[in-house]
Amino acid sequence: MTTVNNIYELRKNLHNIPEKSFEELKTMNLLIEFIAKNTTFTIVKKDKWFYAYKKSTRPLKKPIALRCDMDGITLSDGDTGHYCGHDGHCAIICYVAVLLSRMNVYRDVYLIFQPAEEIGQGAKLCCQLLEEKEISEVYGLHNIPGFPLGSILLRKKTFACGSTGLKISYTGKPTHAAYPENGINPTDAFVELINNIKKITSVYKENGRILLATVIGLNLGSEQFGMSAHSGNLNLTIRADEQNIFVNYLSAIKNEARQLAKKYNLKCSIEETDYFPVTENRENCVQKLEDICQKNAWEYIYLTEPMRWSEDFGYYLQKTPGAFFGIGDGENYAQLHTKDYQFPDDIIEKAAKMFTEIILL
């Protein structure tokens, strides 16, 4: 019989084969092999992802879905590893499949194994399943350092901020550095843009709202000291805790960039990358999570503010009611996205039981 120790072994095996977003082939094969061998779930392979499902012979409730993510993360030094805990997320969902295979479940259950969460692209592929199978609720989780081991972390409405990378490029006219008046230098436009973004932020930011435009880099001109700068780009990360505000805030920054391009007679291009919508929970679904914690006398904590990091689970919640929650890694545990991080196996069993309770509730 499959035990939690087999799940620990699976997690370690996943940890040893981290793969970049949309390259999770070995990971998928290992997970599919485990589910086929150890559960009664049916597997459906899709392009770059898969899902497993169990149909009820006597469904009393509408279908429900759980999601985990499969990709590793590539750090700034180029090393790819499971430094965010996705190996643990997959192990948890596999254990849910094991547990449910031993039970009579009175609803159809779908387990989504998603690629490319780290770049905000995977959920968009998998969302189709929610509509196709008429999923009534969808749930996911993330392990979070800095909180008591195994504590369940809840938040009504926004759990995690939306964010996007924004690259604003200006191109003017080159000239000799001795005759700057003959060229068009974008320096003043970038300075004014950065200052005006601060003003835009102050307009949209109210009532303690999380709203950030973080400068990631400003690349301007060159090291050719005889040439006046004529092109450059400003890289920003835009972040907000409410979807409507996020959309409007982002639009206002883009509009300001274009207006300044006209003012300074510059060509302007704007690119977005790694877009994540706001992860906005349904309150009634969060209440179910609280009820489960109370029933089992599990420690739970309501977060005082949303997580500032982003999570593409927000795409699911735009389609279907549901909730995203956290589980504590330990108060002094290594931080996510660092080489010291490794998923704590001690939280797997509780997380799997939490998911199982959600399905049975």
Side-chain angles (χ1 to χ4, degrees), residues 116-124 127 157-175 180-222 228-280 305-319:
E117 186 281 327
E118 293 291 354
I119 60 172
Q121 297 295 311
K124 290 192 291 185
C127 275
K157 296 185 178 178
T158 300
F159 188 92
C161 290
S163 69
T164 189
L166 195 64
K167 181 178 181 179
I168 301 170
S169 299
Y170 284 150
T171 303
K173 181 181 176 182
T175 186
E181 68 275 14
N182 292 335
I184 302 176
N185 190 317
T187 300
D188 288 345
F190 279 122
V191 171
E192 189 169 345
L193 177 59
I194 291 170
N195 287 328
N196 288 354
I197 287 173
K198 293 178 182 179
K199 295 175 184 178
I200 293 169
T201 303
S202 67
V203 169
Y204 280 88
K205 192 171 185 176
E206 58 184 27
N207 300 325
R209 176 173 289 126
I210 296 174
L211 202 67
L212 294 168
T214 305
V215 175
I216 304 303
L218 176 59
N219 304 307
L220 179 62
S222 67
S228 175
H230 74 282
S231 65
N233 57 271
L234 173 65
N235 296 330
L236 303 160
T237 298
I238 310 301
R239 196 175 305 276
D241 62 359
E242 185 177 324
Q243 187 65 27
N244 289 337
I245 297 296
F246 182 37
V247 171
N248 293 336
Y249 179 51
L250 182 59
S251 178
I253 291 173
K254 290 179 179 179
N255 289 337
E256 181 64 23
R258 295 186 182 106
Q259 288 300 316
L260 288 174
K262 291 180 181 179
K263 176 180 176 179
Y264 288 96
N265 197 24
L266 298 161
K267 294 180 181 179
C268 176
S269 68
I270 300 175
E271 300 175 29
E272 283 187 48
T273 184
D274 293 358
Y275 180 91
F276 294 82
V278 177
T279 300
E280 294 181 315
E305 67 173 17
M307 290 294 169
R308 290 193 181 186
W309 44 254
S310 300
E311 162 62 62
D312 75 352
F313 192 81
Y315 282 113
Y316 297 100
L317 297 177
Q318 290 178 347
K319 299 274 188 183

Spatial distance of atom [atom1] ([X]) from atom [atom2] ([Y]) [nearest 0.5 Å]:
X    : Y    : atom1 : atom2 : answer
I197 : L212 : CD1   : CG    : 12.5 Å
L317 : E311 : CG    : CD    : 9.5 Å
K124 : D312 : NZ    : CG    : 9.0 Å
R308 : T214 : CZ    : OG1   : 8.5 Å
R258 : L193 : CZ    : CG    : 12.0 Å
I200 : S251 : CD1   : OG    : 10.0 Å

Give the minimum heavy-atom separation between [X] and [Y], together with the two atoms involved.
X    : Y    : answer
S163 : T237 : CB-CG2, 4.5 Å
N248 : Y204 : O-OH, 3.5 Å
L236 : I216 : C-CG1, 4.0 Å
E280 : T158 : CG-OG1, 3.7 Å
I270 : K254 : CD1-O, 3.8 Å
E117 : S310 : OE2-O, 3.9 Å

Got a donor-acceptor contact below 3.5 angstrom from the D241 side chain to the I210 backbone?
-> yes
Keeping the roles fixed (side chain from R239, backbone from C161), state whether a donor-acceptor pair exists under 3.5 Å.
-> no
Y170 side chain near C268 side chain, heavy-atom distance below 4.5 Å =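 When only atoms from C-beta onward are counted, C268 and Y170 do touch, with a gap below 4.5 Å.
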Kindly indicate whether the side chain of L250, heavy atoms from C-beta on, has any atom under 4.5 Å from the side chain of E272.
-> yes
Side chains of N185 and S228, donor plus acceptor under 3.5 Å = yes
Donor + acceptor pair across side chains of T201, Y249 (<3.5 Å) |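 Yes.
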Assert yes or no for the condition that the ring centre distance of F246 to F276 is strictly below 6.0 Å.
-> no
Give me the one residue out of L260, L234, L220, T171 that meets side-chain contact (heavy atoms from CB on, under 4.5 Å) with P186.
-> L220
May I ask you to say whether K199 pairs ionically with E256, meaning some side-chain N is under 4.0 Å from a carboxylate O?
-> no
